[in-house]
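Keep in mind that what you see is a predicted model, and the values were worked out from it rather than measured. In what follows, chains are A, B, ... by sequence order, proteins preceding strands, each numbered from 1.
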2 protein chains.
Amino acid sequence: MTTAATDPIDIDTQYIREAIRDAIVDRRLAPGTKLSEADVGALFHVSRTLVRGALQALSYEGLVNVEKNRGAFVANPSPEEARQIFATRRMIEPGVLMEAARHITPSDIQHLKQLLMEERRLMGERGQSARRAEIKASGDFHLMLTSLTKNAVLQRFMDELVARSSLVIALYGQSAISSCGHHEHEDILDAIEKKDLERACKLMIHHIDHIEADLDLRAEKGSELKEAFRL
Amino acid sequence: MTTAATDPIDIDTQYIREAIRDAIVDRRLAPGTKLSEADVGALFHVSRTLVRGALQALSYEGLVNVEKNRGAFVANPSPEEARQIFATRRMIEPGVLMEAARHITPSDIQHLKQLLMEERRLMGERGQSARRAEIKASGDFHLMLTSLTKNAVLQRFMDELVARSSLVIALYGQSAISSCGHHEHEDILDAIEKKDLERACKLMIHHIDHIEADLDLRAEKGSELKEAFRL
DNA sequence: ATCGGTCAAATTGTATACGATCTGTTGCCT
DNA sequence: AGGCAACAGATCGTATACAATTTGACCGAT
């Protein structure tokens with residue numbers, strides 16, 4: 001076996017950024033968790049300098065909050081933030097769909113179908129890690145669709161939106177996703193394959209609506225004291 | 001005169017980031033210009049540490065390119081990038097418009113009208129600084145519209161898109177903006193005021209189309225050697 | 001004269017050192 | 001006992017020092 005996982009030689013800001021990002025999106029790091037520069041640096045055997053860079057980058061993505069002179073914490077998105085994220089997805093994703101459909105090839109469709117099969121397989125599994133993998137696979141469908149647009153700007157926006165959505169789903173999801181989420185991806189792909197873009201768009205919007213509807217966004221949750229006390 | 005411009009007391013990463021950003025968007029820094037960490041640091045009387053943070057942030061926004069071991073350069077967007085930026089705006093801005101219209105108040109409309117008057121005033125002026133101000137005012141209309149949505153995620157996306165658009169317009173614009181660009185903002189606002197959202201959306205799309213149509217995006221320009229030689 | 005290689009200057013990459021700020025605790029005073 | 005102030009530990013913010021890399025110049029060989 002390689003030693004890559006525990007003893008990677010080339011640790012740079014980017015590597016750390018992605019490692020933390022994955023951990024957050026996979027919910028191995030709980031929202032609110034403090035990410036001390038010294039601790040993270042020790043973990044990766046690098047100085048605080050590189051860690052700071054990674055944390056700053058993640059704060060631009062909205063995955064961590066950095067509080068001045070207090071440190072960085074895994075983001076704990078408020079219900080309001082969650083709503084904004086999904087509102088933005090509703091605006092963008094129909095366009096993504098249309099643009100992706102213009103470029104899509106039969107080979108792309110095969111790849112997407114394969115992803116959906118993998119997703120379905122995971123759905124059968126039980127346990128927390130399966131649920132993580134399911135959330136991830138669900139996001140990957142949207143990201144792969146986006147990659148077909150060959151639009152780097154859009155890709156970055158969607159990367160951020162999907163990552164933050166994962167966090168929100170993990171926080172507020174009521175776990176009915178399994179039942180509704182999956183068919184919808186297949187239906188969307190079907191509509192694209194049949195060039196029925198109008199239907200595909202409609203399905204996409206409904207899909208996003210359903211994901212958001214599965215969330216429990218009633219104000220109080222975790223740490224939003226400021227909101228709770230109307231400060 | 002005040003010494004604020006040359007001797008500000010509180011210089012932090014954010015301040016530097018905004019200063020450079022403004023300079024790039026205003027085109028006081030030409031695309032391709034090298035931003036040496038030491039030089040910038042000397043200018044603001046800070047160490048390279050803060051400058052690096054600012055440059056990294058700007059690279060996430062797509063306003064500067066950081067090349068490993070070579071330094072940071074003011075972005076020189078390729079025609080392809082320009083197309084992607086405008087394609088993305090076409091996807092997002094109709095949604096922005098709809099959402100903004102839902103929240104808009106008479107007072108907001110007054111503010112927007114005031115902005116448009118200012119814009120029109122600048123249009124009368126001549127010279128490079130007037131053109132800069134005009135490009136800026138033109139972007140501000142879109143940003144102010146976005147701010148009405150009260151959606152922070154969206155706001156950040158639009159901030160980036162508008163900033164990069166300014167760069168692209170400065171680079172590839174053929175300066176016919178004056179004639180077409182302005183009426184369109186007024187027309188859009190009119191349509192919003194009359195609650196004719198369908199018309200407002202259509203006008204917005206056309207507006208973006210017109211801006212892009214005014215660009216000269218034929219491949220070769222400046223430094224895109226890789227493209228030029230098909231590497 | 002041109003090509004190739006070696007070397008020096010300049011610039012970035014990373015680590016470390018030091019100062020500033022926050023947090024929690026201790027102990028005194030009322 | 002309760003509250004306030006001073007202090008100590010920990011953590012972040014910034015600057016500086018040193019290592020690694022790039023770039024351009026010089027110089028000798030073909």
Going by side-chain contact (heavy atoms from CB on, under 4.5 Å), B/Pro77 matches just one of B/Leu171, B/Leu63, B/Asn65. Which one?
B/Leu171

Go through A/Gln114 and A/Glu118 one step at a time and tell me if the side-chain hydrogen bond (donor to acceptor under 3.5 Å, both in side chains) criterion holds.
CA-CA 6 Å; A/Gln114 212 159 340; A/Glu118 173 70 5; over 6 Å; no

Check the surroundings of atom NE2 in B/His103: do more than 12 heavy atoms from other residues, nucleotides or ligands lie under 6.0 Å from it?
yes

Scan nucleotides 10-17 of chain C nucleotide by nucleotide, 5' to 3', and note B when protein non-hydrogen atoms come under 4.0 Å of the base, S if they reach only the sugar-phosphate, - if neither.
-SBBBBBB

Please give, in whole Å, the distance from D/dC12 P to A/Asn65 CG?
15 Å

If only side-chain N and O atoms count, and only distance matters, is there a donor-acceptor pair under 3.5 Å linking B/Asn151 with A/Thr88?
yes

Identify which one of B/Val162, B/Leu115, B/Leu116 satisfies the side-chain contact (heavy atoms from CB on, under 4.5 Å) criterion when paired with B/Asp140.
B/Leu115

